[in-house]
Structures are given as C-alpha cells and as structure tokens.
Amino acid sequence: MKIATWNVNSIRTRQEQVLAWLQTNPVDVLCLQETKVNDPQFPRLPFENLGYHLYICGQKAYNGVAIFSRQPLEDITVGFAAILDENTVQSFDEQKRVIAGTIDGVRIINLYVPNGASVGSEKYLYKLGWLKLLKEYLQKTLEKTPNLCVCGDFNIALEDRDIHDPKGRENHIMASDAERQALKDILELGLADAFRKFNTESGQFSWWDYRAASFPRNKGWRIDHHYLSSSLYDQAKSCTIDKTPRKLEKPSDHTPVIVEL
DNA sequence: ATGGCCGGCGGTGCCGGA
C-alpha cells in the first residue's frame, strides 16, 4: 500500500497538477494539506472520476485537509474533538487541520501542523499548544489502533540534516528547540520517521521557498513526514520524495512524499 | 542585505505562508 502526503497550497489552483500526478502515481491513499476551500466548493468530481473516494475537511482561504483513497476508508473523523473532550480541545478545532481514516487495519492521520509565524509570536505559542494537544490525541489513538501512520505537513525540521543551512536555526520557525522537543515528545509515544529508515543523507527536502530561486539551488527543508508505529515501520518498503511536481509551472511550494507499506 | 514569491480575498493592497 502506497500512502502519499502533499501540501498543495490550494487544491483549486493545483487541481490539474494533482490529477496528472495521480495518473502517473496511482497511490492507494493521498493526504492533502492546505486545500484552502470550503467543502461545498471542493472540486470532487475530477478525482472521483479517477476512482478515488474523497474525505475532506476544509475552510475558506486557509488550512484544510483531505484524504483521497482508492478503497473506501472506515471510521473517518475530523478534528481533535473526535477523541478528546471539549474542555481539552477548546477552540483548536476551528482551524481545519486534522482528518483520519482507517484502511486494512491501518489508521491514517493526516495533519496540517500550524506554521507558527516566528519564534515567540502568538502563532508560535498556538503551534506549541496544538502540538501538545496532538500528543494527547495520538496517545489515545495508539491505545485503540496500534497500526498508525501519521503523515502530513509538520512545519518542523527535526534535525539539522533536514535543513539546507542550519545556521541560526534556534531562532528560526520550524527548527527552534521548543518545536523540535514538542515533536520528539510525540515520537516517544512510539512513532518513527519512515524516510530516515531508507535515507540518512542531508540535502533531502520536501519544501522550497518560492523566493530567491530556492528550488533550483536546493535550499529547502524537509518538513513533510510519515511517522509510523513500530509494526508499520518494520514493514515499510520505501519512502521517497518526488521532486517532479515542484519543477512545473506554478507549482506548490511543497512536493509529494510517498511511503510504501 | 532579512527581502524575495505565492494564493486567497476582495476589490488593485494585505494577510498568511515557512
């Protein structure tokens, strides 16, 4: 089973590219982030005509997540409140960043982790609070479903080898100590990075800034991940970054990452 | 040198992204 994750930076703007990619890469499951569209306006038909079942959780202009699956998914849930009580979740479900479903006994959780703006900002504190909630959410999930694939745009580069230039990273959003520690705390629940099972090199990125010709110079960050529970990690056959869509005209700033189980 | 470049929104500038 192949599970891909791709922050498309607007599904309506990227519709044709996603369609073309799926025709060339007929993955079993595609997890999308930053769809940036309300559910009634989501362009469902072209993807359904390709043979995918769509599960979407969006909002106007910002955020939004979706899962496309060749086989129907079971137990679809959106947001943290599907598992955690409302006093714990508070207003964190207002931004649409979490959708999950089950296929062949594998629970797939698709995440769009908050960006955080800049270290120390209000949005940064929101990001850290969101990650704390995510840990509770995943802890409860693991108690029920040990076969877990948590994927998406994490907006965190966990190690210096995941950044083209780690100089000054302590004060850079996506690489500060508190962000990395929050993610490490989550992984200690029993999750491991599928990509690093197969590739230990630096210079392997999933996002490149639109500005300053970052892509042709490979000045990127690896911030899109698949984290697998131990049983799935052992089974994983490959995990690859497909840079092809990033080379197109009007690309997303992220490119797909694919794990094969 | 701390910007550049995008997408969405709503109306031709600004916010958010990372």
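Hydrogens, waters and symmetry mates are skipped; everything else that's a heavy atom, side chains included, is used. Naming: A, B, ... by sequence-line order, numbering from 1 per chain.
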At 4.0 Å (heavy atoms only), tell me whether A:Asp153 reaches a base, stays on the sugar-phosphate, or touches nothing. sugar-phosphate
Span that lies between the P atom of B:dG4 and that of B:dC14, in whole angstrom: 13 Å
What is the nucleic acid contact for A:Trp207, judged by heavy atoms within less than 4.0 Å: base, sugar-phosphate only, or nothing? sugar-phosphate
At 4.0 Å (heavy atoms only), tell me whether A:Ala212 reaches a base, stays on the sugar-phosphate, or touches nothing. base
For the pair made of CZ in A:Arg169 and P in B:dT2, what is the distance, rounded to whole Å? 23 Å
If only side-chain N and O atoms count, and only distance matters, is there a donor-acceptor pair under 3.5 Å linking A:Asn63 with A:Lys36? no
State yes or no: are the ring centers of A:Phe154 and A:Tyr227 separated by less than 6.0 Å? yes
Looking for any heavy atom pair under 4.0 Å, which part of the strands does A:Phe215 touch: base, sugar-phosphate only, or nothing? nothing
What does A:Asn171 touch in the nucleic acid at a heavy-atom separation under 4.0 angstrom: a base, only the sugar-phosphate, or nothing? nothing
Output the rounded distance in Å from CG (A:Asp253) to C1' (B:dG8). 14 Å
Roughly, in whole Å, what's the span from CD in A:Gln59 to P in B:dC9? 11 Å
For A:Lys250 and B:dG7, is the shortest distance between a side-chain N/O and OP1 or OP2 below 4.0 Å? yes
Take A:Tyr137 and A:Phe80 through the test ring pair (Phe, Tyr, Trp, His ring centres under 6.0 Å) and record every step on the way to the result. CA-CA 6 Å; A:Tyr137 173 85; A:Phe80 290 128; 5.4 Å; yes
Could you state the atom-to-atom distance from CG of A:Asn9 to P of B:dC15 in whole Å? 18 Å
Judged by modelled atom types alone, do A:Trp207 and A:Asn155 share a side-chain donor-acceptor pair under 3.5 Å? no
Ignoring hydrogens and angles, state whether a donor on the side chain of A:Arg107 or A:Thr102 is under 3.5 Å from an acceptor on the partner side chain. yes
Please report the distance separating the P of B:dG11 from the corresponding atom of B:dC15, rounded so that it comes out in whole Å. 14 Å
Among A:Leu183, A:Asp177, A:Asp185, exactly one meets side-chain contact (heavy atoms from CB on, under 4.5 Å) together with A:Gln181. Which residue is that? A:Asp185
Ignoring backbone atoms, establish whether A:Arg14 has a side-chain N or O less than 4.0 Å from OP1 or OP2 of B:dG7. yes
Closer than 4.0 Å, any side-chain N/O of A:Lys60 to the OP1 or OP2 of B:dG8? no
Rounded distance in Å - CZ (A:Phe154) to C1' (B:dG17): 18 Å
Please determine if a side-chain N or O atom of A:Thr13 lies less than 4.0 Å away from the OP1 or OP2 oxygen of B:dG8. yes
Would you classify A:Asp209 as touching base, sugar-phosphate or nothing, given that sugar-phosphate means primed atoms plus P, OP1 and OP2, and contacts are heavy atoms under 4.0 Å? nothing
I need the CZ-P distance between A:Arg217 and B:dG4, as an integer number of Å. 15 Å
Quickly work out the A:Tyr126 OH to B:dG16 C1' distance and round it to whole Å. 14 Å
What interatomic distance, in whole Å, is found between C1' of B:dG16 and the corresponding atom of B:dG10? 16 Å
Looking at the side chain of A:Arg211, which of B:dG17, B:dG8, B:dG16 is the nearest nucleotide? B:dG17
Without decimals, in angstroms, what is the distance between A:Tyr210 OH and B:dG16 P? 18 Å
